[in-house]
Visitor: 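Take this structure first; my questions come after.
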Amino acid sequence: MRYDLVIFDNDGVLVDSEPLSNTVLADYLTELGHPTSYAESVRDYMGAAVHRVHDLVLERTGKRLPDDFDETLHARVFAAFERELTPVAGAVDVLGKLTADGMPYCVASSGSHERIRVGHRKTGLDTWFRAENVFSAQDVGRGKPAPDLFLHAAERMGVAPARCVVVEDSPLGVTAALAAGMDVYGFTAMTPAARLAGARGVFADMAELLGLLA
């Protein structure tokens, strides 16, 4: 492969969590008096750290979300994960092939470390990831679309940014990868290809990814 490190986004790329988490988020915001549809949640918050929810609600309404918003949201999302979360189809096959080929990989997610752990344990992906190759927006000052998280992951993994490739499914993630000086491939299972402008290529099925990376 022409890369030395594959950096995976987590939600929507490795675990099929975006439909669950955006349904929970839209319902909770609506409950709090900020009417939000599922489609609006996907548009505005997919791929972002939770601070973006606070920032946009305050910007749009002048009102702050409750102090326990993050705790309540995470509890509801985790409960949905325990009931329904599955790995993205084909993700395990990709990880298995990268491992067999000796290609280093890691995950760099806008979600918290706890969210990543819960999702990986539920889906069995915890067998593919150790603490040393799991990175969260909690580890840096700014989440996506800032490049900080991807640069942090590359540094910790000992690989120059130009030798890294990112697998993303959100516009915020693509922007972050490009800002980090990395190639990025866009997964279009939930996001139209036009919204992933700037990606080196796009794919709709995980079976296509290894061919793109070769």
Side-chain angles (χ1 to χ4, degrees), residues 8-88 107-123 125-126 129 131 134-153 168-177 179 187 189-192 195-196:
F8 290 96
D9 176 42
N10 189 56
D11 293 292
V13 171
L14 295 174
V15 295
D16 195 16
S17 55
E18 294 291 7
L20 298 175
S21 58
N22 280 285
T23 296
V24 170
L25 176 57
D27 289 347
Y28 187 29
L29 287 173
T30 300
E31 176 186 319
L32 292 173
H34 305 288
T36 305
S37 68
Y38 170 77
E40 290 168 337
S41 181
V42 169
R43 180 195 67 199
D44 293 341
Y45 305 121
M46 181 172 159
V50 70
H51 67 75
R52 179 176 171 85
V53 183
H54 290 267
D55 293 345
L56 284 187
V57 168
L58 180 61
E59 176 184 318
R60 292 169 174 174
T61 70
K63 298 179 181 178
R64 296 188 181 277
L65 292 169
D67 291 341
D68 64 349
F69 178 84
D70 293 11
E71 180 181 355
T72 301
L73 175 65
H74 290 153
R76 294 184 183 188
V77 168
F78 295 167
F81 284 4
E82 292 290 352
R83 291 192 304 269
E84 304 178 58
L85 188 63
T86 60
V88 166
V107 62
S109 172
S110 292
S112 66
H113 278 287
E114 183 182 13
R115 178 185 174 117
I116 299 167
R117 284 195 300 271
V118 169
H120 285 190
R121 176 180 52 76
K122 171 63 177 176
T123 59
L125 292 181
D126 54 348
F129 289 94
V134 174
F135 305 102
S136 161
Q138 286 182 311
D139 302 331
V140 294
R142 299 180 300 168
K144 306 167 190 178
D148 304 37
L149 176 56
F150 290 138
L151 292 172
H152 171 72
E168 264 287 353
D169 71 332
S170 75
L172 294 175
V174 169
T175 298
F187 185 39
M190 282 190 61
T191 307
R195 295 196 67 211
L196 301 177

Visitor: For the side chain to side chain contact (heavy atoms under 4.5 Å, CB included) test, which of L125, V118, I116 pairs with V15?
Guide: L125
Visitor: Measure across G12 and D169 and return the closest heavy-atom pair with its distance rounded to 0.1 Å.
Guide: CA-OD2, 3.4 Å
Visitor: Between K144 (side chain) and G173 (backbone), is there a donor-acceptor pair under 3.5 Å?
Guide: no
Visitor: Just verifying a value: how many Å separate L14 CG and H120 NE2, rounded to the nearest 0.5 Å?
Guide: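 Taking CG in L14 and NE2 in H120, the distance rounds to 5.5 Å.
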Visitor: Fit a plane to each ring of Y28 and F69, take the angle between them on a 0 to 90° scale, and name the class: parallel (under 30°), tilted (30 to 60°) or perpendicular (over 60°).
Guide: parallel
Visitor: What pair of heavy atoms forms the shortest contact from L149 to S109, and how long is it?
Guide: CD2-O, 3.4 Å
Visitor: May I ask you to test the E40-L29 pair for a side-chain heavy-atom distance under 4.5 Å?
Guide: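 Sidechains of L29 and E40: no contact.
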Visitor: Tell me the closest heavy-atom pair linking V57 and Y45, and the distance in Å.
Guide: CG2-OH, 4.1 Å
Visitor: Going by an N to O cut-off under 4.0 Å, is there a salt bridge joining E59 and R52?
Guide: no
Visitor: Specify the closest pair of heavy atoms between A153 and F135, including all atoms of both residues, with the distance to one decimal.
Guide: CB-CD1, 3.6 Å
Visitor: Salt-bridge test for D27 and R76: reply yes if a basic N is under 4.0 Å from a carboxylate O, no otherwise.
Guide: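 Result for this pair is no, no salt bridge flagged.
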Visitor: Inspect the surroundings of CG in D68 and state if more than 12 heavy atoms from other residues, nucleotides or ligands are less than 6.0 Å away.
Guide: yes
Visitor: Evaluate the side chain to side chain contact (heavy atoms under 4.5 Å, CB included) criterion for residues D44 and R60: first the C-alpha distance (whole Å), next the side-chain angles of each, then the deciding distance (0.1 Å), finally the verdict.
Guide: CA-CA 12 Å; D44 293 341; R60 292 169 174 174; 3.0 Å; yes
Visitor: Using distance alone, with no hydrogens and no angle criterion, decide if D139 and H113 have a side-chain donor and acceptor under 3.5 Å apart.
Guide: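 Present: a donor and an acceptor within the cut-off.
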Visitor: Quick check for you: to the nearest 0.5 Å, what is the distance between H54 atom NE2 and L65 atom CG?
Guide: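 Going from NE2 on H54 over to CG on L65, the span is 5.5 Å.
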Visitor: Which word best sums up how the rings of F78 and H74 line up, parallel for under 30°, tilted for 30 to 60°, or perpendicular for over 60°?
Guide: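 F78 and H74: parallel rings.
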Visitor: Identify the heavy atoms of L172 and A48 that sit nearest to each other, and give their distance.
Guide: CD1-CB, 3.5 Å
Visitor: Is T30 reaching over with its side chain to a backbone N or O of T36, donor-acceptor style, under 3.5 angstrom?
Guide: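 Yes: the side chain of T30 pairs with the backbone of T36.
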Visitor: Please round to the nearest 0.5 Å and tell me the distance separating atom CD of E18 and atom OG1 of T23.
Guide: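 Interatomic distance, E18 CD to T23 OG1, rounded to 0.5 Å: 10.5 Å.
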Visitor: Check whether any side-chain heavy atom of P87 sits under 4.5 Å from a side-chain heavy atom of D16, and report yes or no.
Guide: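 The answer is no; the side chains never approach within 4.5 Å.
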Visitor: Can you measure from CD (Q138) to CD (E114) and round to the nearest 0.5 angstrom?
Guide: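 These two atoms lie 8.5 Å from each other.
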Visitor: Given D11, which partner from the list S21, S170, S110, S17 fulfils the side chain to side chain donor-acceptor pair (under 3.5 Å) test?
Guide: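 It is S17, the one option of S21, S170, S110, S17 that forms the side chain to side chain donor-acceptor pair (under 3.5 Å) with D11.
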